Every structure is written in C-alpha cells, then in structure tokens.
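Along the sequence shown, residues carry numbers from 1. Quick caveat: nothing in here was measured; it's all calculated off a predicted structure.
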Amino acid sequence: MTFQPRTAAVTSFEFPLVERTRTLLRLEQVYQRLVFFIGQDETYSHHAALMALFEVLEAAGRTELKSDLLQELERQKLGLESLRDNPVVQQDVLEQQLDEIERTMASLLDITGKFGQHLRENEWLMTIKQRAVIPGGTCQFDLPSYHLWLQRDSEQRRADLQRWAAPLMPTARAANILLKLLRDSGKTHQYHARRGAFQQMSGGKVVQLIRIGFESGLPLVPEVSANKYAINVRFIHAATGEVRARQVEDDVEFSLTYCKF
C-alpha cells in the first residue's frame with residue numbers, strides 16, 4: 001500500500017538545519033502568539049499576551065542576536081542590490097524589499113542597551129514574571145495589583161501591552177524578513193519514501209531549512225536527521241494517548257523543499 005496525495009490540501013512541516021534558522025523560527029512563533037493575544041479582548045488572552053512577552057524577552061535576549069540579525073540582513077541586502085537592472089526581476093518589488101530591510105536595520109541599530117531592558121527595569125512586571133513560573137502563581141491573592149490590572153478595560157490593557165512590546169518589535173520584523181527570503185528561495189521536489197523511510201545524499205551542500213509536505217489527513221509526522229552529507233526522513237504514525245509512535249510500514253509520497261540563502 002502507498003500513501004499517495006490525491007488532493008491539493010497539504011500538511012507541511014519545517015525543519016531548521018542550522019542553529020540560526022532554529023532561532024528565527026522560535027522567534028517567529030513566540031512573536032506571532034504575542035501579536036495574536038494582544039489583539040484579543042478577553043482577560044485570559046491578555047494574560048497569555050503578557051506570558052508571551054516574557055517568552056520574547058527570554059528567546060531574543062541573547063547578547064549576539066542583534067549583531068547576528070544585522071549581519072544577515074546586510075548580507076541579504078547586498079545580494080538583492082546585485083539584482084538591480086536585472087530584466088527578469090520586478091524592480092518595484094525589489095526596491096520595496098530593500099527599503100524594508102534598510103528600515104528594519106535602522107530600527108535594530110536604534111536599540112540601545114540590553115534587549116528588553118525597559119521590561120527588566122519594571123519591578124511590577126518582573127514580579128509577575130517570577131510568579132508566572134509557579135503553577136497558579138498569578139492568582140489574585142498572590143498578585144492583587146495584577147488582578148486589578150486584568151479588570152481594566154480591554155483597550156487600556158491593550159495599550160499597555162503594545163507599549164511594552166513596541167521596543168521589541170524590530171527583532172520580529174528582522175526575523176520575518178529573513179524567514180520570508182529563506183522560504184522564497186525554496187526548490188521543491190517530489191519523492192517516494194519506501195516503507196516510510198527516505199535518504200538523500202547532500203554532497204556537502206549547505207541548506208538552512210527544509211519543508212516536508214504530504215496529503216492532509218494522513219495521520220503521519222516526519223522525523224528528520226541531517227548533516228552536510230545526507231538528509232534522512234522517517235515517517236511515523238503520530239502518537240496519541242492510547243497509541244505509541246511507530247514507523248510507517250507503507251510507502252509515502254511527499255514533497256521536499258530545500259531552502260537556502
């Protein structure tokens with residue numbers, strides 16, 4: 001039996017193959033949650049937004065992250081500038097992308113001091129952050145002032161959250177730009193995993209990200225191991241509360257997208 005795509009609906013998984021891409025994907029995920037929950041009105045949503053804000057503080061707090069982002073943005077900018085006057089490139093789209101990169105780099109350079117220092121200097125927020133790691137630690141009897149803040153009008157809470165998040169957003173924009181450029185570079189091929197297993201030699205070529213896609217609805221998840229010599233993909237039946245994960249015994253048709261700068 002072969003699991004074979006029959007519809008246009010596709011389930012996809014992204015796997016970073018280098019540490020920098022892994023960091024970018026984590027930043028993207030936590031920033032997306034932050035923005036989503038800030039946009040909601042419910043009390044619990046704004047609590048979740050504040051927890052996501054603390055996650056951003058930890059995820060983007062590496063000292064060298066800012067310089068890493070600036071270095072990669074500069075490298076991509078130089079590469080894009082070489083495409084000016086190329087007849088096969090839409091010049092207006094190219095200029096928009098270059099302008100976005102330049103503005104984001106300027107915003108990153110405007111960040112002085114330690115990332116999120118304005119949050120670390122806010123004693124009230126740091127008290128909430130410390131209590132939040134304790135199960136149920138933000139109950140009203142533990143943090144009455146926080147409970148009072150949560151009773152404010154949703155627009156007031158949102159304004160506070162947006163003010164606290166604003167100095168952190170240049171990092172989000174930088175991560176979004178780099179991930180978009182990386183994903184847009186992808187080249188997709190169709191493959192066949194016999195009895196759920198697939199291997200392809202890399203020949204030493206550097207890839208930052210791979211994306212695996214297959215027909216939606218199949219109860220499968222891919223596992224990936226990779227180095228500069230080979231990429232190995234193994235499809236397994238997803239584990240549930242009653243069923244242990246196990247390798248697929250049937251063949252699987254899937255797409256593999258290689259993304260690299």
Kindly indicate whether the side chain of Leu119, heavy atoms from C-beta on, has any atom under 4.5 Å from the side chain of Leu168. yes
Got a donor-acceptor contact below 3.5 angstrom from the Lys66 side chain to the Leu108 backbone? yes
Got a second to check how far Phe54's CZ is from Gln130's CD, nearest 0.5 Å? 9.5 Å
Taking the side chain as every heavy atom from C-beta outward, state whether Phe235 and Leu218 have any pair of such atoms under 4.5 Å apart. no
Are Leu69 and Met105 co-members of a hydrophobic cluster defined by side-chain heavy atoms under 4.5 Å apart? yes
Once rounded to the nearest 0.5 Å, what's the spacing between atom CG of Leu94 and atom OG of Ser82? 8.5 Å
Under the salt bridge (charged side-chain N to carboxylate O under 4.0 Å, His left out) rule, what do Arg183 and Glu28 come out as? Steps first, then yes or no, please. CA-CA 13 Å; Arg183 286 166 174 147; Glu28 178 186 57; 2.8 Å; yes
Atom pair CD/CG of Gln97 and Leu80 - distance to nearest 0.5 Å: 6.0 Å
Test your reading of the model: is there a side-chain donor-acceptor pair from Ser185 to the backbone of Lys260, 3.5 Å cut-off? yes
Can you tell if the side chain of Thr127 reaches within under 4.5 Å of the side chain of Tyr146, non-hydrogen atoms only? no
Arg20 and Gln71, any side-chain heavy atoms less than 4.5 Å apart: yes
For Gln208 and Val206, indicate whether the former's side chain and the latter's backbone hold a donor-acceptor pair under 3.5 Å. no
Phe15 vs Phe13 aromatic rings, parallel, tilted or perpendicular, using cut-offs 30° and 60°? parallel
Heavy-atom distance under 4.5 Å between the side chains of Lys77 and Leu98, does that happen here? yes
Straight-line distance of Leu220 CG to Phe254 CZ, nearest 0.5 Å: 11.5 Å
Pair Glu100, Gln96 - check side-chain hydrogen bond (donor to acceptor under 3.5 Å, both in side chains), show working. CA-CA 6 Å; Glu100 185 178 6; Gln96 289 176 5; over 6 Å; no
Please evaluate residues Phe37 and Tyr44 with respect to the criterion ring pair (Phe, Tyr, Trp, His ring centres under 6.0 Å), reporting the C-alpha separation (whole Å), side-chain torsions for both, the decisive distance (0.1 Å), and the verdict. CA-CA 9 Å; Phe37 285 120; Tyr44 284 132; over 10 Å; no
Has Thr21 got a side-chain atom pairing as donor or acceptor with Pro16's backbone, closer than 3.5 angstrom? no
Taking C-beta and beyond as the side chain, do Val248 and Arg195 meet within less than 4.5 Å on heavy atoms? no
Check for a donor-acceptor pair, side chain of His118 on one end and backbone N or O of Trp164 on the other, with a separation under 3.5 Å. yes
For Asp41, which of Arg152, Arg158, Arg157 qualifies under salt bridge (charged side-chain N to carboxylate O under 4.0 Å, His left out)? Arg158
Under the side-chain hydrogen bond (donor to acceptor under 3.5 Å, both in side chains) rule, what do Tyr191 and Gln200 come out as? Steps first, then yes or no, please. CA-CA 10 Å; Tyr191 292 112; Gln200 183 171 72; 2.9 Å; yes
So Thr188 and Ser255, side-chain hydrogen bond (donor to acceptor under 3.5 Å, both in side chains) or not? Walk me through it. CA-CA 7 Å; Thr188 302; Ser255 64; 6.0 Å; no
Closest approach of Leu73 and Ile101, non-hydrogen atoms and distance? O-CG2, 3.8 Å
Under 4.0 Å between a side-chain nitrogen and a carboxylate oxygen: does that hold for Lys129 and Glu58? yes
About how many Å separate CZ of Arg173 and OG1 of Thr104, when rounded to the nearest 0.5 Å? 6.0 Å
Using modelled atom types only, decide if a donor and an acceptor are shared between the side chain of Gln76 and the backbone of Leu178 within a distance under 3.5 Å. no
Under 4.5 Å between any side-chain heavy atoms of Val252 and Val233, yes or no? no
Taking Thr23 for the side chain and Glu19 for the main chain, is one N or O donor matched with an acceptor at less than 3.5 Å? yes
Do His46 and Ser154 come close enough that some side-chain heavy atom pair is under 4.5 Å? yes
